Visitor: 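To start, I am sharing the structure in question, which I have written as structure tokens.
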There are 2 protein chains.
Amino acid sequence: MMKYAGQTRFLVAVDCIIFGFDGENFKLLLIQRGFAPEKNKWSLMGGFVQPHESLEVGAQRVLKQLTGLEGVYLEQISAFSEPNRDPVERTIVVPYFALIDIQKYQAQLSSDYHAEWFLLSEKPQLIFDHEQMVEMAKMRLRYKAALHPILFELLPEKFTLPQLQTLYEKLYDTTFDKRNFSRKVLSTGLLVKQDEKDKENSRKGAFYFKLDKEKYYDNFQAFLKFIPNPEKFLI
Amino acid sequence: MMKYAGQTRFLVAVDCIIFGFDGENFKLLLIQRGFAPEKNKWSLMGGFVQPHESLEVGAQRVLKQLTGLEGVYLEQISAFSEPNRDPVERTIVVPYFALIDIQKYQAQLSSDYHAEWFLLSEKPQLIFDHEQMVEMAKMRLRYKAALHPILFELLPEKFTLPQLQTLYEKLYDTTFDKRNFSRKVLSTGLLVKQDEKDKENSRKGAFYFKLDKEKYYDNFQAFLKFIPNPEKFLI
DNA sequence: AAATTAAGTGTCATAATAACAATTTATAAA
DNA sequence: TTTATAAATTGTTATTATGACACTTAATTT
């Protein structure tokens with residue numbers, strides 16, 4: 001089915017940049033590339049778009065095939081299209097970044113697949129321009145998370161305020177005043193305090209909170225201001 | 001040069017959504033499609049990506065070829081990839097939106113090309129999924145302009161505060177208090193008041209302002225708050 | 001029982017915001 | 001020449017949001 005005569009067709013791929021948070025640090029999910037060139041080198045999860053699927057569907061398929069993950073939060077970022085970015089054959093790639101709760105998918109991941117979590121600070125060299133994609137995804141995440149409450153996607157169902165604050169502090173590589181932080185977070189009305197405490201990480205223990213799912217979905221696009229002076233971090 | 005065996009290649013296109021502002025209303029630049037199908041129907045400026053160009057370069061080339069415009073502010077938005085979006089042959093399209101000063105390019109446009117400005121409210125039916133692209137670009141513009149000072153791209157070198165306010169009011173389909181608006185705008189330090197007045201639009205005349213270009217480029221990513229309660233407009 | 005460690009909480013001064021209306025300027029009309 | 005008109009320009013105030021700052025509480029460990 002080639003009806004627009006005289007035009008060049010291109011390979012189109014999707015790559016998935018999957019961020020996780022282990023309670024202490026950001027992590028990145030990587031696999032070892034299964035085919036040449038750069039076979040066995042660490043790489044983002046990627047694959048070619050198939051004839052009858054959209055980019056979004058392709059990204060979900062690739063993610064499922066390579067990691068077993070389904071139904072995760074995916075967001076498209078700017079396409080990479082430098083003619084020589086793939087040395088084998090020109091490929092235009094549309095990257096997606098995703099945020100997932102590491103614990104939730106740990107069993108699934110470790111049993112069936114060979115994807116591995118790396119601390120963002122200790123990630124190995126990646127193939128092609130995947131480093132750039134990770135960098136761009138991180139910038140995008142910083143931008144988006146400064147305005148919208150998406151970081152909850154990285155946390156388990158129950159989490160503590162200190163955990164949430166650490167998450168934000170690690171993303172922006174800074175520290176926040178805990179009194180101001182909790183005031184802002186709680187003022188959104190998105191969090192519901194639980195009776196139970198997390199006793200793993202301190203003697204006193206920290207109360208768990210859950211997301212108010214309904215408010216969360218309603219307010220997903222709402223502007224928040226968890227980050228003081230966002231312009232300091234987003235330039 | 002097909003080295004990744006067994007994979008399907010796709011046509012990849014770029015479409016340009018060009019916004020302008022005539023001092024009173026938003027406008028959209030359209031052309032009549034020059035080839036079948038839908039020949040002579042109104043359409044965005046689009047074209048297929050060529051073998052040795054990136055998407056960005058392709059978008060600039062298409063824009064130049066079809067309108068004569070060069071070096072305009074272009075920003076990529078999310079790719080459209082539904083398998084049947086182009087009835088002739090599957091095409092994945094990466095749209096770019098642009099903001100230009102209508103006056104600046106009017107001569108160029110009308111002499112050599114057949115692109116035409118339409119009021120956004122009076123635009124004709126567009127081919128394929130171009131309506132969706134325009135809608136998405138408009139949403140993206142509203143989002144971006146609420147946070148960053150990009151709307152100046154739509155104005156001539158000299159402009160008045162009432163003009164600027166009208167621009168914002170039309171984009172968000174609302175009205176703002178002019179005292180608060182001018183306070184916010186002027187507090188950015190981006191505007192330099194001129195001695196001259198615009199006497200076209202009122203008896204008293206309104207002072208012209210120019211952008212402080214240096215500050216503008218430095219602060220392009222800076223957060224502004226021209227729009228009160230942005231969450232009202234961006235959901 | 002005392003020491004330790006992290007969680008949890010409150011105040012205050014300053015800045016930002018939104019709501020609000022009177023004055024000024026230049027032209028047009030009388 | 002004076003008056004009317006229309007839009008531009010300008011300031012105040014009450015409220016809210018913000019950021020800076022330090023002590024108290026809870027539970028475990030020694």
Side-chain angles (χ1 to χ4, degrees), chain A residues 23-24 146-147 149 155 158-170 172 174-210 222-234, chain B residues 23-24 146-147 149 155 158-170 172 174-210 222-234:
Chain A
E24 199 55 45
L147 301 171
L155 293 171
K158 294 183 302 185
F159 52 87
T160 67
L161 287 185
Q163 280 166 12
L164 184 64
Q165 183 168 344
T166 302
L167 175 55
Y168 276 86
E169 289 179 341
K170 285 296 161 69
Y172 295 97
T174 186
T175 56
F176 300 117
D177 181 274
K178 61 183 170 182
R179 289 160 292 191
N180 294 337
F181 184 82
S182 74
R183 172 158 45 94
K184 285 189 182 185
V185 168
L186 294 175
S187 76
T188 63
L190 287 175
L191 300 194
V192 182
K193 191 174 189 175
Q194 307 301 113
D195 294 329
E196 193 189 354
K197 274 186 170 183
D198 162 40
K199 308 295 283 292
E200 302 277 304
N201 300 297
S202 73
R203 292 179 187 167
K204 180 175 176 180
F207 281 104
Y208 280 119
F209 287 81
K210 283 186 181 177
F223 271 49
L224 299 178
K225 288 166 190 166
F226 293 169
I227 311 303
N229 306 316
E231 59 274 4
K232 272 175 61 182
F233 301 104
L234 303 179
Chain B
E24 199 56 45
L147 300 171
L155 293 172
K158 295 183 301 185
F159 52 88
T160 66
L161 287 185
Q163 279 166 13
L164 184 63
Q165 183 167 347
T166 302
L167 176 54
Y168 276 87
E169 290 180 339
K170 286 295 160 69
Y172 295 97
T174 186
T175 56
F176 301 116
D177 181 273
K178 59 186 170 181
R179 287 160 293 188
N180 294 337
F181 184 82
S182 75
R183 173 160 43 84
K184 286 188 182 186
V185 168
L186 294 174
S187 75
T188 64
L190 287 175
L191 299 194
V192 183
K193 192 174 187 173
Q194 307 301 113
D195 293 330
E196 190 189 356
K197 275 185 169 184
D198 161 41
K199 310 295 282 295
E200 301 280 300
N201 300 296
S202 72
R203 292 178 188 168
K204 180 176 176 180
F207 282 104
Y208 280 119
F209 287 81
K210 283 187 181 176
F223 270 50
L224 300 178
K225 289 166 191 165
F226 293 169
I227 311 303
N229 306 316
E231 61 274 10
K232 272 175 58 182
F233 300 105
L234 302 179

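These figures come from a predicted structure and were not determined experimentally. So that the names make sense, note that chain A is the first sequence line, chain B the second, and so on, each numbered from 1.
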Visitor: When you measure only distances, ignoring hydrogens and angles, does the side chain of A:Lys204 come within 3.5 Å of the base of D:dA27 through a donor and an acceptor?
Guide: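 When only heavy-atom distances are counted, A:Lys204 does not reach the base of D:dA27 through any donor-acceptor pair under 3.5 Å.
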Visitor: May I ask you to verify whether the side chain of A:Lys184 and the base of D:dT18 hold a donor-acceptor pair under 3.5 Å?
Guide: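 Donor-acceptor pair under 3.5 Å: no.
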Visitor: With side chains defined as the heavy atoms from C-beta onward, is the minimum distance between A:Thr160 and A:Tyr208 less than 4.5 Å?
Guide: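 Heavy-atom side-chain distance check passes, below 4.5 Å.
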Visitor: Quickly work out the A:Glu200 CD to D:dA27 P distance and round it to whole Å.
Guide: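 Atom-to-atom, A:Glu200 to D:dA27, this comes out as 16 Å.
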Visitor: Taking the side chain as everything from C-beta on, heavy atoms only, tell me whether B:Leu191 gets closer than 4.5 Å to B:Phe159.
Guide: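 Touching, per the 4.5 Å side-chain cut-off.
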Visitor: Nearest to the side chain of B:Ser202, which nucleotide is it out of D:dA7, C:dA18, D:dT10?
Guide: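 So the nucleotide nearest the side chain must be D:dA7.
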Visitor: At their closest point, which heavy atom of B:Gly23 faces which heavy atom of B:Thr166, and how far apart are they?
Guide: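 Shortest heavy-atom separation between B:Gly23 and B:Thr166 comes out as O-CG2, 4.1 Å.
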Visitor: I want to verify a distance call: between D:dA20, D:dA26, D:dT9, whose nearest atom is closest to the A:Arg183 side chain?
Guide: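 Of the options given, the side chain of A:Arg183 lies nearest D:dA20.
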Visitor: Given atom CG of A:Asp198 and atom P of D:dT28, what is their separation to the nearest angstrom?
Guide: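 The answer, rounded to whole Å, is 12 Å.
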Visitor: What nucleotide among D:dA27, C:dT9, D:dT9 has an atom nearest to a side-chain atom of A:Arg203?
Guide: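 Among D:dA27, C:dT9, D:dT9, the one nearest the side chain of A:Arg203 is D:dA27.
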Visitor: Of the options C:dT9, D:dG19, C:dA6, whose atoms approach the side-chain atoms of A:Lys193 most closely?
Guide: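 Among C:dT9, D:dG19, C:dA6, the one nearest the side chain of A:Lys193 is C:dT9.
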Visitor: From CD of A:Glu196 over to C1' of D:dA27, roughly how many Å is that when rounded to an integer?
Guide: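 The answer, rounded to whole Å, is 16 Å.
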Visitor: What integer distance in Å separates B:Phe207:CZ from D:dA7:P?
Guide: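 To the nearest whole Å, that distance equals 18 Å.
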Visitor: What integer distance in Å separates B:Asp177:CG from C:dA16:C1'?
Guide: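 From B:Asp177 CG to C:dA16 C1': 15 Å.
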Visitor: Quick one: closest heavy-atom pair of B:Lys170 and B:Glu24, and the distance?
Guide: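 What the structure gives for the nearest pair is NZ-O, 2.7 Å.
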Visitor: Please report, rounded to the nearest Å, how far the P atom of D:dT28 is from the CG atom of A:Asn201.
Guide: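 Between P of D:dT28 and CG of A:Asn201: 14 Å.
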Visitor: So B:Lys197, base contact, sugar-phosphate only, or nothing? Heavy-atom distance under 4.0 Å.
Guide: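 Counting heavy atoms under 4.0 Å across all strands, the contact made by B:Lys197 is with sugar-phosphate only.
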Visitor: From the list D:dT10, C:dA7, C:dT17, which nucleotide is the closest neighbour of the side chain of B:Lys178?
Guide: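 Per side-chain heavy atoms of B:Lys178, the pick is D:dT10.
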Visitor: Between D:dT28 and A:Lys199, is there an OP1 or OP2 to side-chain N/O distance shorter than 4.0 Å?
Guide: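 Indeed, a polar side-chain atom of A:Lys199 lies that close.
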Visitor: Given atom CZ of B:Phe181 and atom P of D:dA8, what is their separation to the nearest angstrom?
Guide: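 Atom-to-atom, B:Phe181 to D:dA8, this comes out as 13 Å.
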Visitor: Measure from CZ on B:Phe209 to P on D:dA8 and round the result to the nearest Å.
Guide: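 Distance, rounded to whole Å: 12 Å.
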Visitor: Would a line drawn from the ring center of B:Phe176 to the ring center of B:Tyr168 be shorter than 6.0 Å?
Guide: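 No, ring centres 6.0 Å or more apart.
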Visitor: When you get a sec, tell me which of C:dA19, D:dA20, C:dA6 is the closest nucleotide to the side chain of A:Asn180?
Guide: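 When the side chain of A:Asn180 is considered, D:dA20 is the closest of C:dA19, D:dA20, C:dA6.
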Visitor: Output the single nucleotide from C:dA18, C:dA7, C:dG10 whose closest atom is nearest the side chain of A:Ala206.
Guide: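 Comparing C:dA18, C:dA7, C:dG10 against the side chain of A:Ala206, the answer is C:dA7.
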